[in-house]
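Written out below as structure tokens is the structure these notes cover.
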Amino acid sequence: MSDSTVAGVEISKPDKVLFPDDPPRSGSVTKLDLARYYDSVADVMLPHLRGRPVNMERFPDGLGGFSFYEKKVPSHFPDWVHTVEVATAQDPQRQVVVDDRRSLVYLAQQACVTPHTWLCTTKALDQPDQLVFDLDPSDDDLAKVRKATRMVGELLDDLGLTTYLKTTGSRGYHVLVPLRPRLGFDEVRDFAHRCAELLVEKAPDLLTVEVRKAKRGRRVYVDVARNGYAQTAVPAYAVRARPGAPVSTPITWDELSRVPPTKYTVRTVGRRLAAKPCPWRDVRRHAQSLARADRALRGSGR
DNA sequence: GGACGAG
DNA sequence: CTCGTCCAACGCACG
DNA sequence: CGTGCG
Ligand SMILES: [Mn+2]
Ligand SMILES: [Mn+2]
């Protein structure tokens, strides 16, 4: 019987299967596996988690069981897990902030498969430090979502912004622009929305900003609603609640054409990180202002 | 997953 | 002590 | 207002 303490956190029911052996022979993933995974990527993941309010997506009985999002800090959480009070339409609520390895592993012990993070930090809860474009395909055509992702990257590049790319571990990709926290959520979301509309104008058969699925057809949905207040995105190295325990993995723009969205999993991310450094390791050194980009965008009619 | 109340 | 029950989100676009 | 959506 192996030790079931990870980063100082006792893992209860360590052998409980959270991800069944699906696809067959890929191997099941237990609670202990999940805790060890998050422990193993903590160094590279924590920079993307620190200071951010978290919505926990929890699966106490595994992928097949009942799951839920949890925003308020449960009363049984230990006091060493950091928290922050955030405003909601109703009362202010206290949410979890993952600032250290032990807290990350503790969330795994809580069967939190995916921590979803706000696009701001406690230092400025009303001013996002990330801009995210979430590319969601409406069908299984990988070429289309790649083309769409490439177009987002090229536009942002034309606007003078440095971008970062990752797989979502689900069906698409995320493009991230690290920001200096200056503008409010509404302003950043509006910038993203104008970018998206410009792209839809360029490629109306490939892209859409339609919220209603029925109206999307087979087009790639450019989801910019992630950029609103109290909205979240899956952070780098988060595990997704999907067969095979795929991981949202930072990649280079060169890799876009070769790496499908579910390429890396809890079982394979370690090998990748051993072979090459994380492409997002300097994200925090590239916090940018949207001012110039916004002027350029308005100059091109948006 | 954990708190809590009934048995 | 064991077992069953209960609880664990929300902002926003759109019709 | 209710509903779909992520
Ligand atoms: Mn997505
Ligand atoms: Mn349970």
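Every chain is numbered from 1, with letters handed out A, B, ... down the list of sequences.
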Response to the item:
Here the residues of residues 75-100 of chain A within 4.0 Å heavy-atom distance, strictly under, of DNA chain C are A/Thr88, A/Ala89
Worksheet item: Where along residues 231-251 of chain A does a heavy atom fall under 4.0 Å from DNA chain C?
Response: A/Gln231
Fill in: Presence of salt bridge, A/Asp39 and A/Arg101, under 4.0 angstrom
yes
Item to complete: Identify the 5'-most and 3'-most nucleotides of DNA chain B with at least one atom closer than 4.0 Å to a non-hydrogen atom of chain A.
Response: B/dG1 to B/dA3
Fill in: A/Tyr221 OH - D/dG6 C1' separation (whole Å)
8 Å
Worksheet entry | Sidechain N-carboxylate O distance under 4.0 Å for A/Asp186, A/Arg189 | yes
Worksheet item: Between A/Lys276 and A/Glu255, is the closest basic N to carboxylate O distance under 4.0 Å?
Response: yes
Practice prompt. Would you confirm whether A/Arg58, through its side chain, and A/Gln110, through its main-chain N or O, come within 3.5 Å as a donor-acceptor pair?
Written response: yes
Worksheet entry | Residue whose closest nucleotide on DNA chain C lies nearer the 5' end, A/Ala230 versus A/Val209 | A/Ala230
Worksheet entry | Closest-nucleotide 5' rank along DNA chain C - winner of A/Lys215 and A/Tyr229 | A/Tyr229
Discussion item. As a test of understanding, state which of A/Asp99, A/Thr232, A/Asp129 forms a side-chain hydrogen bond (donor to acceptor under 3.5 Å, both in side chains) with A/Arg52.
Written reply: A/Asp129
Item to complete: Pull out every residue in residues 118-144 of chain A that has a heavy atom closer than 4.0 Å to any atom of DNA chain B, ordered by number, or say none.
Response: none
Discussion item. In this structure, how many angstroms lie between the C1' atom of C/dG11 and the CG atom of A/Asp190, rounded?
Written reply: 17 Å
Discussion item. Rounded to whole Å, please give me the gap between NE2 in A/His116 and P in D/dG6.
Written reply: 13 Å
Practice prompt. Summarise how protein sits on nucleotides 1-9 of chain C as a single string, 5' to 3': B when a protein heavy atom is under 4.0 Å from the base, S for sugar-phosphate-only contact, - for no contact.
Written response: -------BB
Worksheet item: Whole-Å distance between D/dG6 P and A/Arg189 CZ?
Response: 16 Å
Worksheet item: Who else is in the cluster with A/Val211 when I, L, V, M, F, W and Y are joined by side-chain contacts under 4.5 Å?
Response: A/Tyr221
Discussion item. Expressed as a whole number of angstroms, how long is the span from A/Asp186:CG to C/dA13:C1'?
Written reply: 13 Å
Worksheet item: Should A/Arg216 be listed as having a side-chain N or O under 4.0 Å from OP1 or OP2 of D/dG6?
Response: yes
